[in-house]
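Report on the structure given below.
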Amino acid sequence: MSNGKIKHLRSKLQSELANPDINFQEIAVLSQELLKQDQESVRFSIDAKHIHRLGFELVGKQETALSELIKNAYDSDATEVAIEFKNYTKPGGKLIIQDDGHGMTEDQIRNNWMRISTDDKEMNPVSPGYKRLRAGRKGIGRFAVERIGKELILDTCVKGYNEGLRVLFNWDDDFQHGRELSLISHKVHKFQKDPDKSGTTLYINDLRDRWTDALFNRVWKSVLLLQSPFRISPEEDRTDQQEVIDPGFKVTINGKLGDDVAKEVSIDKNFLDHRLAAITGTVDENGKGEYKVISDKLNFEDSVKAENEYFLTGPLDFEASYFIYTTDIISGISFRQAQKMGEKYGGIRIYRNGFRVLPYGELRDDWLKLTYDTARRNILVPANNFNFFGFVEISSKENILLEETSSREGLVENEAYEELQSFIRTGLEWAVLRIAAVRKRKQKASQKDFVSELIKPSQLIQEVIGEVTDKVKARLGDKQNPKEHSAVRKLENLKQEAIAFEERVEIRESEFVQYETMLRILASLGISISVFSHEVKGALTSFKSSFKDFLSTIKIDELGEISLAEINSVSTRLFDLSNYITTLISHSSTREKTNIPLHSVIHSFVQQFDEYLNVRGISFEVDVEPPFLRTHKMHRSEIDSVLFNFMTNAVKAIERAKADVRKIKISAFKRDNFAVISFQDTGTGISEDVRDKIFDAFYTTTQFKGDEIAGPGTGLGLKIVNDIAESNGGYAECTEPEQDFNCRFNFTVPIAKEQR
């Protein structure tokens, strides 16, 4: 660049600096331009659009963004945060978050809020007032705001000042591609306020998303479980010179729904008193672990030293309440109510610096592989996620290798995290097996000759009725018939309820026996089909060879082109079908598990049935993204079974619908750490009133139509699909289809470990 350009910029900058009314924006622009003329050095610059990218990459979900903002309030020593949503059912709504914390001075706004990746919280790990361990990290609060809405008005007040500060941020208009981030300025406005007032209010306008009731409910649940509902985190060590009492931290949310959710997720001591046992585990500063289980109901207590050492996790504790949902164990409350609580809020959560780390303990999260192993019957005793209400406490001070990811959704899955998984899972499994031994229940499949001493709940209640009747006789004599006593009547009613429940269980057991019987029949049938397929394939090979020889000896017009084409088409379809069955049987015969490459498997499946679908006028669309997506290790035959069941269901639905557009779409994609296979069709769809039944055994909506492939409806297809999903740590669901389709099934399983 010419010296003339440098001289011109220097002159303008000197002139601007000499101006009594300094234009700071112009000085910034000129300084930036002058720096560009440096031919001996290079400097990083940041495109303003990077703010938007960080907002969506660092904070993926709305509930995560909201949690970050609440954590910032907690870090500022707030005792209350008021959250108010307005017009949230469609994009363009408003969110107000108001706290009573310390607020920010102008210097703090400049040096902390406006500085990306500030190390303020690392340099000051505890709050100035109540000495709270800082929950927010990495300075991503401002990105959380940008993720939620397009505009922010930041109002903040510091106690002792007569003026508050207000700054407006218009994310989409100001932070556009091509603009230099350091050149975008925001005016700081001052307003009068009460000197005793402090705190920060965020007015987030023009919300980016339409917040449905289901999403809003998840957000509220996330907020209300942000801090442990089981107990208050232990107080940090304090010096004798400064005794500070933390009054606590409360989050309030507008509307009746928020109140209902708050009551529902308040897992208080009254509920936990109904647990069968309390399980605890501790790792000390030397990496030594110990587990303990205590059960007042079983009059049992035991402890054990951990076999392994845990040097990487750092000192930590975990605690879990263990529930078995049967009427003989759950007393004082409805066991159905307890079971519902377990299904919704059970699991082991992680709290870091006293705040929740998602997604651990969420409904579909199986980070300890409890659901996975229980479904596969690796553990025979009740040990699913919903059997536990628990938490593990970690801190940035004691557990430095257990660090949250940049997206704030989970911990970095390093060796320390694997140690944490191993420690908690080992402790839970040890405890439930000890409890099973005390209850004289079978623990492992290897216990071949074990006979469980099961007693029906109605028999137990009858024993209690006898004891109560004897006490009534002893106390009242002939004054009252023991059967008329209120306690005896209640127990008799309870016994009748137990008998009714036992009858329902017997019916379900009978259905399960039918299910197992049908599976055995199908397994036997599979062997016959394998032999049949082999013979048909051999016969077709001979037929095709002979047919070619036959064609070489005659003129084509003797049979006609159409007849020859039909013969060739039929033989090709039979050959393809035989080849598919042979391939399927070969996959089923091996016990080896592999990471299934979905792109090749799905395309291979579609190719096998291309002719079959063409004859029926059904088009097939396949979309696998990313193309290298692979499942965790599972049997290839399981994926084949899922695809075949979905395909036959779709064909039957399309035939019933008699639709003009006959189309099936298979897509596979990554969602978090899961691979999703989605099957959509233009058939009759699934009505709302049967969606809860379609995965049950023997439930079918189809009749036999003579289709050589789709076949009759046995009521086992979707049940098998669901069993395969759950046994692999995933789930199957019927969900809303895309436009132009009427039905959608999703099959979800974990992805390959190296792709997470």
Lys/Arg N to Asp/Glu carboxylate O, Lys288 vs Glu309, below 4.0 Å: yes

Steps toward side-chain contact (heavy atoms from CB on, under 4.5 Å) verdict (Leu316, Leu420): CA-CA 9 Å; Leu316 57 85; Leu420 177 69; 3.7 Å; yes

Closest non-hydrogen atom pair, Gly314 against Val283: O-CG1, 3.8 Å

With Ile751, the side chain to side chain contact (heavy atoms under 4.5 Å, CB included) member among Val676, Asp672, Leu629: Leu629

Tyr360 to Leu411 - nearest heavy-atom pair and separation: OH-N, 2.7 Å

Option from Glu404, Glu393, Glu362 for which salt bridge (Lys or Arg N to Asp or Glu O under 4.0 Å) with Arg356 holds: Glu362

Lys159 bridged to Asp100 by N-O distance under 4.0 Å: no

Lys/Arg N to Asp/Glu carboxylate O, Lys94 vs Glu151, below 4.0 Å: no

Interatomic spacing from CG in Asp366 to CZ in Phe674 - rounded to 0.5 Å: 7.5 Å

Nearest atoms (heavy-atom pairs only) where Trp171 meets Gly149: CD1-O, 3.4 Å

Identified salt bridge (Lys or Arg N to Asp or Glu O under 4.0 Å) partner of Asp209 from the options Lys150, Lys90, Arg147: Arg147

From CG (Asp173) to CD1 (Ile184), nearest 0.5 Å: 11.0 Å

Smallest separation among heavy atoms of Phe311 and Glu419, with atom names: N-OE1, 3.4 Å

Side-chain (Ser198) to main-chain (Gly101) donor-acceptor, under 3.5 angstrom: yes

